[in-house]
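Reckoned from all heavy atoms, side chains included, excluding hydrogens, waters and symmetry mates.
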Amino acid sequence: DPLWSRGLGDVYKRQPLRLSSKDDFEHKTAPGIDLAKDFNVVLYILESTPLKALQLAALESEPSLYRELVADGALSMPCYATFATSTKSMYTLQTGMYASPTQEVLETRIKKLTGLPRTLRDAGYHTEFISAQKLHYQGSRTQYENMGYHRVIGLPELADLAEEKGVALSRSGFGDGDDRLMFLSGFEQLKQQQPFLATYYTSASHYPYEFPGNSPGTDFERHQRSLEFSQVAIREMIAGLDAQGLMENTLIVITSDHGEEFFNGNFRGRGTTLSEETHLVPLIMYIRGQEIALPPLEYARHIDIVPSILDILGLAPEGLPLQGHSIFNNVEQRPVYMNTIGRLRSVGLVDNGVKTIHSLDTKLTRSGPMPFPGAEEILTLVNSDRHNHLVEKMKTFSIYNEAALRDRADSKDET
């Protein structure tokens, strides 16, 4: 059977997945390595937040949390999502592996997903996933449980905690738009379970942008105000960690699952255009009072987040399936692979300052230089042997990722 629907044929040749070795982490002179050895980790994932929107929120907010973090030594750089959809992006940024380019829930079939949660759990960390979302979309709760988190806390569990503590719920939008509800799970409990990984996944910036204090306006205006509220929530999280004496030994990583696209102020959707607005997101790594040096790269990628966090923690696991590379060990800028979802099927690549998008439906290819970061790209139709060869490589890469995931999902050893 073809691995790609509608005619891309099975050209996949079985090759073993790349497994990490200690050689991947033998670069201890690089800045940032071992900087957070034995530290706790907070992975704070902003829902639907493009880099440009966060930059605009930082400019408009006084005071700006993000400017304060950078002034205190935080690393801040653009980061590319492979998919502009939540479940697949959440898979990639927590596993360091590409998600399926076709099947919606293939990733949830792997019973023992490798990646950051399981690696840290095996290293003695307590691991929790906390979100005010309902966690019902595309089997997301199952996926997080399969990643090896000790606890997965969604809106139902937070609702019980809210009732115990007399906190009101709005239950609007994609869950509850008050991201501060995530902190009801308790920093004092985390203090007793160090070292820990606490992954927070927000809700306020998800369409229709329902959050405390929101006011009427266009979708774009409401989304921008949701990002100002996100700064309020993150400040409350930092204050909670501080109150328990946890800020001095905690690495905070802030990113987004994907971006958001608007047209004339209205929500346009995501996942089908491979635009910078939907695929270029922020990446911030912060340790209070310590400077995390910027690597000599223009951008990171979602698949690079796991090995980068392991690097800064000083962990060097062997035999971990990884398709990403630590940003602290990159001597060259690696290409960005992107994929659409749904009925409009396209593959894309950003490499050497050039973006190429090929439609699998119309067979048309567009390419052009990227005014990095984040400006609206202007791509023109192309048809040359060089571009045709590149398109074939992109399609083959998609087929490989699909087949590799299917192999893992069908494996009897559940890994």
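Nearest heavy-atom pair, S256 versus H302, reported as atom, atom and distance to 0.1 Å: O-NE2, 2.9 Å.
Listed by chain and number, the residues in a side chain to side chain contact (heavy atoms under 4.5 Å, CB included) with S367 are V354, T356, V382, H387 (sequence neighbours excluded). E145 meets the salt bridge (Lys or Arg N to Asp or Glu O under 4.0 Å) test with no other residue; sequence neighbours excluded. Not counting sequence neighbours, the partners of D178 by the salt bridge (Lys or Arg N to Asp or Glu O under 4.0 Å) test are R180. Checked against ring pair (Phe, Tyr, Trp, His ring centres under 6.0 Å), Y44 has no partners two or more places apart in sequence or in another chain. For the salt bridge (Lys or Arg N to Asp or Glu O under 4.0 Å) test, no residue two or more places apart in sequence or in another chain qualifies with R225. Evaluation of the side chain to side chain contact (heavy atoms under 4.5 Å, CB included) rule for T272 yields L344 as partners, not counting sequence neighbours.
No close placement of the Y125 and F196 rings is indicated, their centers lying 6.0 Å or farther apart. For F83 and H258, the ring centers are positioned 6.0 Å apart or more. In this structure, the ring of F129 has its center no less than 6.0 angstrom from the ring center of Y200. Aromatic rings from Y209 and Y207 are positioned such that their centres are separated by under 6.0 Å.
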Exercise. With side-chain contact (heavy atoms from CB on, under 4.5 Å) as the test, would you mind laying out the steps for L197 and N40 before giving the verdict?
Key: CA-CA 6 Å; L197 163 67; N40 306 308; over 6 Å; no
Practice problem: Could you please spell out the steps behind the side-chain contact (heavy atoms from CB on, under 4.5 Å) verdict for I287 and L35? | Solution: CA-CA 9 Å; I287 300 171; L35 193 59; 4.0 Å; yes
Practice problem: Before giving the answer on side chain to side chain donor-acceptor pair (under 3.5 Å), spell out for H126 and E128 the whole-Å C-alpha distance, their side-chain angles and the decisive distance to 0.1 Å. | Solution: CA-CA 7 Å; H126 173 75; E128 292 192 1; 2.8 Å; yes
Quiz item: side chain to side chain donor-acceptor pair (under 3.5 Å) between T278 and E261: does it pass, once the steps are laid out?
Solution: CA-CA 6 Å; T278 54; E261 200 163 26; 4.9 Å; no
Practice problem: In sequence, state the C-alpha distance, the side-chain angles, and the governing distance for E47 and S86, and then conclude on side chain to side chain donor-acceptor pair (under 3.5 Å). | Solution: CA-CA 8 Å; E47 173 70 70; S86 296; 3.3 Å; yes
Quiz prompt | Stepwise side-chain contact (heavy atoms from CB on, under 4.5 Å) check, L158 with D176 | solution = CA-CA 10 Å; L158 292 179; D176 193 294; over 6 Å; no
Quiz prompt | Worked verdict on T114 versus R408 for side chain to side chain donor-acceptor pair (under 3.5 Å) | solution = CA-CA 11 Å; T114 57; R408 297 185 76 200; 3.2 Å; yes
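Residue L181 is tested with L169, I130, L161 for a side-chain contact (heavy atoms from CB on, under 4.5 Å); the sole match is L169.
For the pair R288/I238, a side-chain contact is recorded, criterion being any heavy-atom separation below 4.5 Å from C-beta on. For the pair N339 and K88, the minimum side-chain heavy-atom distance is 4.5 Å or more.
Between the side chains of T365 and H358, at least one donor-acceptor pair of N or O atoms lies under 3.5 Å.
Formation of a donor-acceptor pair under 3.5 Å by the S61 side chain with backbone atoms of A58 is not found in this model.
Counting heavy-atom neighbours within 6.0 Å of D385 CG, excluding the residue itself, gives a total of 12 or less.
Aromatic ring pairs are classed by plane angle as parallel below 30°, tilted from 30° to 60° and perpendicular above 60°; the pair Y80 and Y299 is perpendicular.
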